[in-house]
Novice: 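I am attaching a structure below and will ask some questions about it afterwards.
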Amino acid sequence: MSVADPTAEAMPLAPKQDVVPTIGTPVGGGGWKSHLGSLLFLLPGAVWLLIIVVYPFVATIVRSLFDGSGTRFIALGNYKAIFSTTDTIVSLKNNVVWVVVFPFLVTFFGLVFAVLTERIRWGTAFKTIVFMPLVFSATAAGLTWASIFFNDPHTGVINAAVQGVANAVNPPGLYPVDTSAGESVGALAATGVQSGSAGTLVSKSTVTAGGTIELGLTGISPTVLQQNHAAPAKEPTSSNGAITGLVWRDFSPSHPTDRGQVFPDEDGIAGLHVALLGSDGTAGATTTTAADGSFSFAGVGSGTYRVQITANNFQAGFNGIFFLGTQSLTPTSSLNPTLQAIFSLPIVDIAMIIAYLWIWAGFAMVVIGAGLASLNREVIEAAQIDGASEWQTLRRVTVPMLRPVLVVVFVTMIINVLKIFDIILNMATPSSQSGASTIALEIYNNFASTGGQGIAAAFAVILFVLVVPAMLMNLKRIRG
Amino acid sequence: MSAVQAASLPAVSTPPKRRFRVRPSRIVINVVLAAVAIFWLVPAIGIAIISLRPESAFEQSGWWTVLTAPAQLTFSNYKTLFSAGFQAGGVLDSLTTSLAITIPVTILVTVISSLTAYSLVFGRWRGRTVVFLLIVAMLVLPLQMALIPVASLYNFIGDTTGLKIFGTVIGVIIFHVAFGLPFGIFLMRNFYTGIPHDLLEAGRIDGAGEWTLFRKVVMPLGLPAAASLAIFQFIWVWNDLLVALVFLANNTHETLTLFLYGQTRFLSSNYWIISTGAMISIVVPLIVFFAFQRYFVRGVLAGAVK
């Protein structure tokens, strides 16, 4: 494809000739021998293309009209199956997402980078950095980006960053309970304590000033206790005018079945936020347990109280966003499966689009940059002399002049993402593959499965039909 | 309007620079582009560091901890992978398999494309326009259109003659060459149309045959385009996964992309292999890229439709 001829003068050996292929036929000399000679030259390429490209092309169209075994003619049966099966609709939907989003983004970034690199001294270095991923395989790039997006904040750099922010905004408690993983705060209650409202724990019994209370919890791992510097639990001693108490891990390795009693090998639970609840249920004074799990509210008035272990103790930490999964970014849970397949937007699509932009933005930048370099600078400078701002010049002069190049990049990227394959295979986790699937992936999967070849052929024909407009565009341009 | 003409080299050559007045926006542009450059470098740096950390470190802490603890860097992953030697399924075997596919494909595509383009430009048979337009149409033809029949064809040949093509390097090469040809012919033809026919006519009058004219006149002149095509084709085939996945199926030897893909089933437990293998797979095209940057960019510019 001639990139809209951005730098026609670049090549030394380039007498400007017409493109129309027939023109330039030499005159005279040679006779039939030269015909034969040049026809012989044509032979290897022609034979190769006929056997491996042209014949299979026809054969695939025919094959798409037969069933999986290839023996029974079913007309458009495979196509009907494709457009009525939820799984395959998902793959068509994903291709639409790619085609709608990606070419636009890559052309936009390519244009921005191409324009901006002209204004910096280290433009060549920048171009090299952004262009380099183009030589990486989509396999290597996809696996690289998978690591960037890993959902464990210990290994994925993006989730590590998100975790940093999330934990600063909403700090996790010392004893996190991950409700999304099926854990519950109520399950921690062992002795004298039960679940209260909104993820809290509340003492079963009431207590008055001068009284003591013991709250036994279970299901907290020794490691977590260690991290919070727990010390052996001590029975609380009563103190005048105060409510004293203990929160401890009610599990003794030496007496594994005995509950409710404080054994010497049981630890207090340190650093817990506890609050006094009045008889009407309103929270009053708050305090924090000591290393041995003891706490004390001094100067308590008359009345009966319960002790509450507040919810923030159990606030779960940020566990990472599952970027490589198929949870939908659009609310589709209330829709029927077909509409869900059509309207869901799996998050992994976004992650993969970012990775693919990383690969292809350099291509767009270089092609558009070549176009930019070949523009008539006088027109641009004239606009600036006439008082157009830089933005106006870009918007009204440069971009319109670049239009042919932008179209080439755009169309190239449409064709590219219509065939998108490797990045999905390597980036979406195995469980997300079907949700992130595309036409090319369906072709391969069906091809590789027994009895799937009819569907695979039909999908291939669909893919072909989708690239036909680009094909016609090329032909039109070549013929002038 | 030849493709190769179109291929100036923005990354290397210096386009005429405009002088801009210094203004605050310049600082903003520098900062923004610096941020973009860092964003572009992070994944590559990340994977490089992961490959240089001990196998066990991956799940324990992020690669970025290297910033504070550089002592953890080691070549042990590379040593482990290389120590397996050239046995099938190992990374070195994959490296040689990739080369065994890529090099023949590159040579065949370049040579056959040049011959075909010569015939299209300097031949005088009828129907050259139609053939060329057909080739242009093939430029964007998805190779998926050929998978099933070609696989059947390979199997048929295997069944009737005992010549095993499916599941071998040969089958992969044949397929790659076919789908490399349309672009190759297109690129070479566009370049050859720029060669004055007088040059050939002079040769013809002196009695030179077509082969001589091709060898002595057209091929030397077309070398820059052939180089672009070869580099582009090399990197294209080197990075292929799909064709290898289909036509190298069940072979004990894998390409590097197949090797990497094979590890994804155990993504996090095998990430040390993946990162190290990815680095090894990246090195070859990276060397080619930096050695022949000018030609590669030309090929890319010309290949804007592929």
Side-chain angles (χ1 to χ4, degrees), chain A residues 1-3 5 7-8 10-11 13-14 17 19 21-22 26 29-30 35 37-39 41-42 44-45 48 52-53 56-57 59-60 116 119-120 126-127 129-130 135-137 139-140 143-144 148 160 366 369-370 373 408 412 415 419 421-422 443 447 453 457 460 463-464 467 470-471 474 478, chain B residues 1 3-6 8 10-11 15 20 29-30 33 37 40 43 47 61-62 112 115-116 118-119 123-125 128-129 132-133 136-138 140 142 144-150 178 181 193-194 197 201 204 210 235 239 241-242 257 260-261 264 274 278 281-282 285-286 289 297 301 304-305:
Chain A
M1 171 70 348
S2 77
V3 184
D5 203 15
T7 48
M11 288 300 285
L13 192 128
Q17 279 208 353
V19 216
T22 42
H35 284 256
S38 61
L39 272 173
F41 282 18
L42 184 72
W48 214 299
I52 309 292
V53 180
F57 170 77
T60 298
L116 292 187
R119 320 274 175 98
I120 56 172
F126 180 87
K127 280 180 176 168
I129 290 171
V130 175
V135 303
F136 298 177
S137 60
T139 305
L143 291 168
T144 303
I148 298 290
V366 165
V408 166
T412 308
I415 300 169
K419 303 176 189 173
F421 176 75
D422 332 28
I443 293 174
F447 170 86
Q453 301 216 334
L463 187 56
F464 165 69
V467 302
M471 192 179 271
N474 281 341
I478 298 300
Chain B
M1 200 132 102
V4 189
Q5 288 173 308
S8 88
F20 286 92
I29 289 172
N30 270 288
L33 290 191
W40 244 260
I47 194 110
S61 58
I112 297 176
L115 287 172
T116 314
Y118 178 92
S119 183
R124 272 168 289 173
W125 43 279
R128 283 176 296 153
T129 315
F132 178 63
L133 290 178
V136 170
M138 285 179 204
V140 292
Q144 282 86 349
M145 277 302 277
L147 294 181
I148 298 170
V150 172
L181 280 178
T193 49
H197 285 267
E201 284 313 300
R204 284 202 174 109
E210 295 295 312
I235 292 181
N239 287 339
L241 174 64
L242 176 58
T257 49
L260 289 175
Y261 171 62
T264 58
I274 291 177
S281 83
I282 285 168
L286 220 49
F289 169 63
V297 175
L301 283 173
V305 279

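First the proteins, then the strands, lettered A, B, ... as listed; each starts at 1. Only this structure's heavy atoms are used, side chains among them; waters, hydrogens and symmetry mates stay out.
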Novice: If I take atom CD1 from residue Ile29(B) and atom CZ from residue Arg119(A), how far apart are they, to the nearest 0.5 angstrom?
Specialist: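 One gets 5.0 Å once the value is rounded to the nearest 0.5 Å.
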Novice: Measure the spacing between CD1 of Ile235(B) and CZ of Phe136(A) and express it to the nearest 0.5 Å.
Specialist: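 Going from the CD1 atom of Ile235(B) to the CZ atom of Phe136(A) covers 10.5 Å.
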Novice: Quick check: closest heavy atoms across Pro44(A) and Leu115(B), and the distance to 0.1 Å?
Specialist: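 Distance-wise, the nearest heavy atoms are CG-CD1, 4.4 Å.
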Novice: Between Ile47(B), Val136(B), Leu33(B), which shows the greatest number of heavy-atom pairs under 4.5 Å with chain A?
Specialist: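 Most heavy-atom pairs within the cutoff with chain A belong to Leu33(B).
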Novice: Ile148(A) versus chain B, heavy atoms under 4.5 Å apart: side chain, backbone, both or neither?
Specialist: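 Just its side chain gets close to chain B.
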Novice: For each of Ile52(A), Leu116(A), Thr139(A), Val135(A), tally heavy-atom pairs with chain B at distances under 4.5 Å, and name the one with the top tally.
Specialist: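 Among the listed options, the one with the most contacts to chain B is Val135(A).
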Novice: Of all the heavy-atom pairs spanning Pro149(B) and Pro56(A), show the shortest one and how long it is.
Specialist: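 Closest heavy-atom pair between Pro149(B) and Pro56(A): CG-O, 3.4 Å.
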Novice: Val150(B), Thr116(B), Asn30(B): which one forms the most heavy-atom pairs within less than 4.5 Å of chain A?
Specialist: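 Ranked by heavy-atom pairs under 4.5 Å with chain A, first place is Asn30(B).
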Novice: Decide yes or no for Leu143(A) and Tyr261(B): does some side-chain heavy atom of the first lie under 4.5 Å from some side-chain heavy atom of the second?
Specialist: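 They are not in side-chain contact.
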Novice: Measure the spacing between CD1 of Ile478(A) and CZ of Phe132(B) and express it to the nearest 0.5 Å.
Specialist: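 Taking CD1 in Ile478(A) and CZ in Phe132(B), the distance rounds to 5.0 Å.
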Novice: Keeping Ser38(A) on the side-chain end and Ser119(B) on the backbone end, is there a donor-acceptor pair under 3.5 Å?
Specialist: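 No, the answer is negative, given that no donor and acceptor are paired below the 3.5 Å cut-off.
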Novice: Let me know if Phe57(A) has heavy atoms under 4.5 Å from chain B in its side chain, its backbone, both or neither.
Specialist: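 Contact with chain B: backbone and side chain both.
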Novice: Please classify the contact of Phe464(A) with chain B as side chain, backbone, both or neither, using a heavy-atom distance under 4.5 Å.
Specialist: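 Backbone plus side chain of Phe464(A), per the 4.5 Å heavy-atom cut-off to chain B.
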Novice: To the closest 0.5 Å, what do you measure between CG (Asn474(A)) and CE (Met138(B))?
Specialist: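 CE of Met138(B) is found 13.5 Å from CG of Asn474(A).
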Novice: Can you name the nearest heavy-atom pair linking Ile129(A) to Ala37(B), along with the distance?
Specialist: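 Residues Ile129(A) and Ala37(B), closest heavy atoms: CG2-O, 3.9 Å.
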Novice: Please report the closest heavy-atom contact between Lys419(A) and Val140(B), naming both atoms and the distance.
Specialist: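 Looks like NZ-O, 3.3 Å.
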Novice: State the CH2-CD1 distance between Trp48(A) and Ile112(B), to the nearest 0.5 angstrom.
Specialist: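 Here the rounded value is 4.5 Å.
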Novice: Can you name the closest pair of heavy atoms from Pro142(B) and Val467(A) and give their distance?
Specialist: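 Heavy atoms of Pro142(B) and Val467(A) come nearest at CD-CG2, 3.8 Å.
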Novice: Do side-chain atoms of Asp422(A) reach the backbone of Leu242(B) as a donor and acceptor pair under 3.5 angstrom?
Specialist: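 Side chain of Asp422(A) to backbone of Leu242(B): no pair is present.
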Novice: Please report the interatomic distance CZ(Phe447(A)) to CD(Gln144(B)), rounded to the nearest 0.5 Å.
Specialist: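 Answer rounded to 0.5 Å: 11.0 Å.
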Novice: Check for a donor-acceptor pair, side chain of Thr144(A) on one end and backbone N or O of Pro43(B) on the other, with a separation under 3.5 Å.
Specialist: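 Pair absent, no side-chain N/O of Thr144(A) close to backbone of Pro43(B).
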Novice: Can you tell which part of Thr257(B) gets under 4.5 Å to a heavy atom of chain A, answering side chain, backbone, both or neither?
Specialist: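 Both the backbone and the side chain of Thr257(B) come within 4.5 Å of chain A.
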